[in-house]
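FYI, side chains are in, hydrogens and waters are out, and symmetry mates aren't considered; it's all heavy atoms of this structure.
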Amino acid sequence: MKASSSILFLLFTCLILGSCSSSNEPGTSANTIPKAGSLFLIHTIVYDTTGGSGTSIDTEYLSDSVIANNTIWNGRSTSFLTVQHRDTSGIIIESNGDVSIYLGPTAIDLQDVSSKNMVDFGWIRLPVGSHTNSVLRTIDTTLQDVPNGTAHVVLSVSYLETGSVTVGSVSLPVSVVRYTLQKTLSDGSQIITSVDQEDISYSSTIGYFAMIKFLHSTIPNTADENDAGTGILSSYTLK
């Protein structure tokens with residue numbers, strides 16, 4: 001299990017022109033909007049939590065680069081666009097401090113690998129500024145290639161707390177929200193419910209995500225039924 005492309009980070013060398021700040025120089029004001037050329041690096045660790053072992057089964061560094069500002073992306077004017085490898089994502093910093101990300105088509109199969117059973121969540125808002133709770137989407141659909149297959153999908157988000165995340169020698173203030181995707185799938189003879197959650201820590205000081213903790217629900221007989229993990233910002237450079 002890996003974090004979604006909307007929260008991955010790509011590190012590049014700071015350009016010669018323009019002033020840059022690094023993980024030793026946090027943004028100077030709240031609601032910072034990273035400019036094109038800003039760079040982020042996150043360290044992700046995936047754990048097998050079977051029996052409470054917490055054994056690390058995968059670790060890697062993922063990176064993200066801001067490539068443009070004020071660009072139309074999937075029908076909305078974004079604050080900035082990011083790229084991780086070849087995946088591009090749009091992020092909007094709303095006037096009240098909330099952050100909207102484009103989630104887009106998401107697989108709803110048990111194994112989360114089929115492109116046949118997808119739902120498009122579009123833009124979703126994370127209440128890191130408004131500190132509210134809401135159900136963002138409720139979708140009922142049928143499952144292709146599953147006789148009598150149905151799916152009930154609920155996407156919700158809730159505010160948890162404020163806190164801080166240390167990046168290098170800098171303590172970044174963060175707002176933490178919980179993203180929850182609940183899927184109830186049926187083939188007419190059995191019903192399976194899964195819950196995927198991510199606790200997302202966003203820092204308005206740098207205008208980006210400082211930490212993500214993710215938990216994949218327990219689904220019997222799937223490869224990642226007991227996977228959990230953490231992605232934490234390792235370093236950053238702001239333009």
Side-chain angles (χ1 to χ4, degrees), residues 1-9 23 26-27 29-34 40-47 49 52 54 62 64 79 82 89-104 106 112 121-139 153-168 170-184 193-219 224-234 236:
M1 178 185 63
K2 300 182 185 299
S4 62
S5 62
S6 63
I7 56 177
L8 305 182
F9 301 82
S23 56
S29 64
N31 298 317
T32 296
I33 298 178
F40 302 90
L41 180 69
I42 193 170
H43 183 206
T44 65
I45 305 174
V46 178
Y47 301 95
T49 59
L62 300 169
D64 204 14
S79 300
T82 64
S89 298
I91 296 178
I92 301 171
I93 299 178
E94 307 286 0
S95 59
N96 66 349
D98 286 351
V99 172
S100 293
I101 61 176
Y102 185 75
L103 190 58
T106 302
D112 287 342
F121 291 115
W123 289 97
I124 66 169
R125 180 180 288 216
L126 304 176
V128 293
S130 61
H131 298 177
T132 57
N133 305 325
S134 62
V135 175
L136 302 178
R137 304 284 189 278
T138 300
I139 298 173
V153 183
V154 179
L155 176 66
S156 61
V157 65
S158 57
Y159 168 74
L160 295 183
E161 62 184 356
T162 57
S164 63
V165 173
T166 299
V167 180
V170 176
S171 179
L172 295 174
V174 297
S175 289
V176 187
V177 298
R178 174 167 292 169
Y179 157 104
T180 301
L181 177 62
Q182 180 172 317
K183 300 176 290 186
T184 302
T193 298
S194 68
V195 180
D196 300 323
Q197 292 183 320
E198 293 184 4
D199 288 352
I200 303 171
S201 298
Y202 171 83
S203 176
S204 62
T205 303
I206 61 171
Y208 218 69
F209 307 101
M211 180 183 289
I212 297 121
K213 295 180 180 179
F214 43 97
L215 174 64
H216 193 78
S217 63
T218 299
I219 305 177
D224 54 0
E225 63 174 299
N226 291 302
D227 284 1
T230 298
I232 185 168
L233 187 64
S234 177
Y236 62 89

**Request:** Please report the C-alpha distance between T193 and Q182 in whole Å, then the side-chain angles of each, then the deciding distance to 0.1 Å, and finally whether the side chain to side chain donor-acceptor pair (under 3.5 Å) criterion is met.
**Result:** CA-CA 7 Å; T193 298; Q182 180 172 317; 5.4 Å; no
**Prompt:** For Y179 and D196, what are the C-alpha separation, side-chain angles and deciding distance, and is it a side-chain contact (heavy atoms from CB on, under 4.5 Å)?
**Reply:** CA-CA 8 Å; Y179 157 104; D196 300 323; 5.6 Å; no
**Prompt:** Does any non-hydrogen side-chain atom of V167 lie less than 4.5 Å from one of Y236?
**Reply:** yes
**Item:** From CD1 (I206) to OG1 (T32), nearest 0.5 Å
**Value:** 8.5 Å
**Message:** So if I apply the side chain to side chain contact (heavy atoms under 4.5 Å, CB included) rule between L136 and each of I124, L126, T180, which one comes out positive?
**Reply:** I124
**Item:** Presence of salt bridge, E198 and K213, under 4.0 angstrom
**Value:** no
**Asked** Roughly how far, to the nearest 0.5 Å, is CG of N133 from OG of S158?
**Response** 5.0 Å
**D98/S130 under side chain to side chain donor-acceptor pair (under 3.5 Å): CA gap, chis, key distance, verdict** = CA-CA 6 Å; D98 286 351; S130 61; 2.9 Å; yes
**Prompt:** Is a side-chain N or O of R137 found less than 3.5 angstrom from the main chain of F121, in a donor-acceptor match?
**Reply:** yes
**Request:** Nearest 0.5 Å please: distance from the OG atom of S234 over to the CG atom of L62.
**Result:** 11.5 Å
**Prompt:** Is there side-chain contact between L155 and K183, with at least one heavy-atom pair below 4.5 Å?
**Reply:** no
**Prompt:** Hey, what do you get for CG (L181) to CD (Q197), rounding to the nearest 0.5 Å?
**Reply:** 10.0 Å
**Prompt:** Do F209 and I42 have side chains that get closer than 4.5 Å, going by heavy atoms?
**Reply:** no
**Request:** Before giving the answer on side-chain contact (heavy atoms from CB on, under 4.5 Å), spell out for V174 and Y202 the whole-Å C-alpha distance, their side-chain angles and the decisive distance to 0.1 Å.
**Result:** CA-CA 5 Å; V174 297; Y202 171 83; over 6 Å; no
**Request:** Indicate yes or no: at least one non-hydrogen side-chain atom of I91 is less than 4.5 angstrom from one of S79.
**Result:** no
**Message:** Nearest 0.5 angstrom please: T230 OG1 to D199 CG, how far?
**Reply:** 9.5 Å
**Request:** Would you mind reporting whether Y159 and V128 have side-chain heavy atoms less than 4.5 Å apart?
**Result:** no
**Asked** Going through the distances and angles, do Y208 and L233 end up as a side-chain contact (heavy atoms from CB on, under 4.5 Å)?
**Response** CA-CA 9 Å; Y208 218 69; L233 187 64; 5.6 Å; no
**Asked** Between G97 and N31, which heavy-atom pair has the shortest distance, and what is it?
**Response** CA-OD1, 4.0 Å
**Item:** S164 and S171, any side-chain heavy atoms less than 4.5 Å apart
**Value:** yes
**Sequence neighbours excluded, every pair satisfying salt bridge (charged side-chain N to carboxylate O under 4.0 Å, His left out) that has a member inside residues 155-165** = none
**Asked** Which is it for V165 and I232 under the side-chain contact (heavy atoms from CB on, under 4.5 Å) test, yes or no, and what are the steps along the way?
**Response** CA-CA 9 Å; V165 173; I232 185 168; 4.1 Å; yes
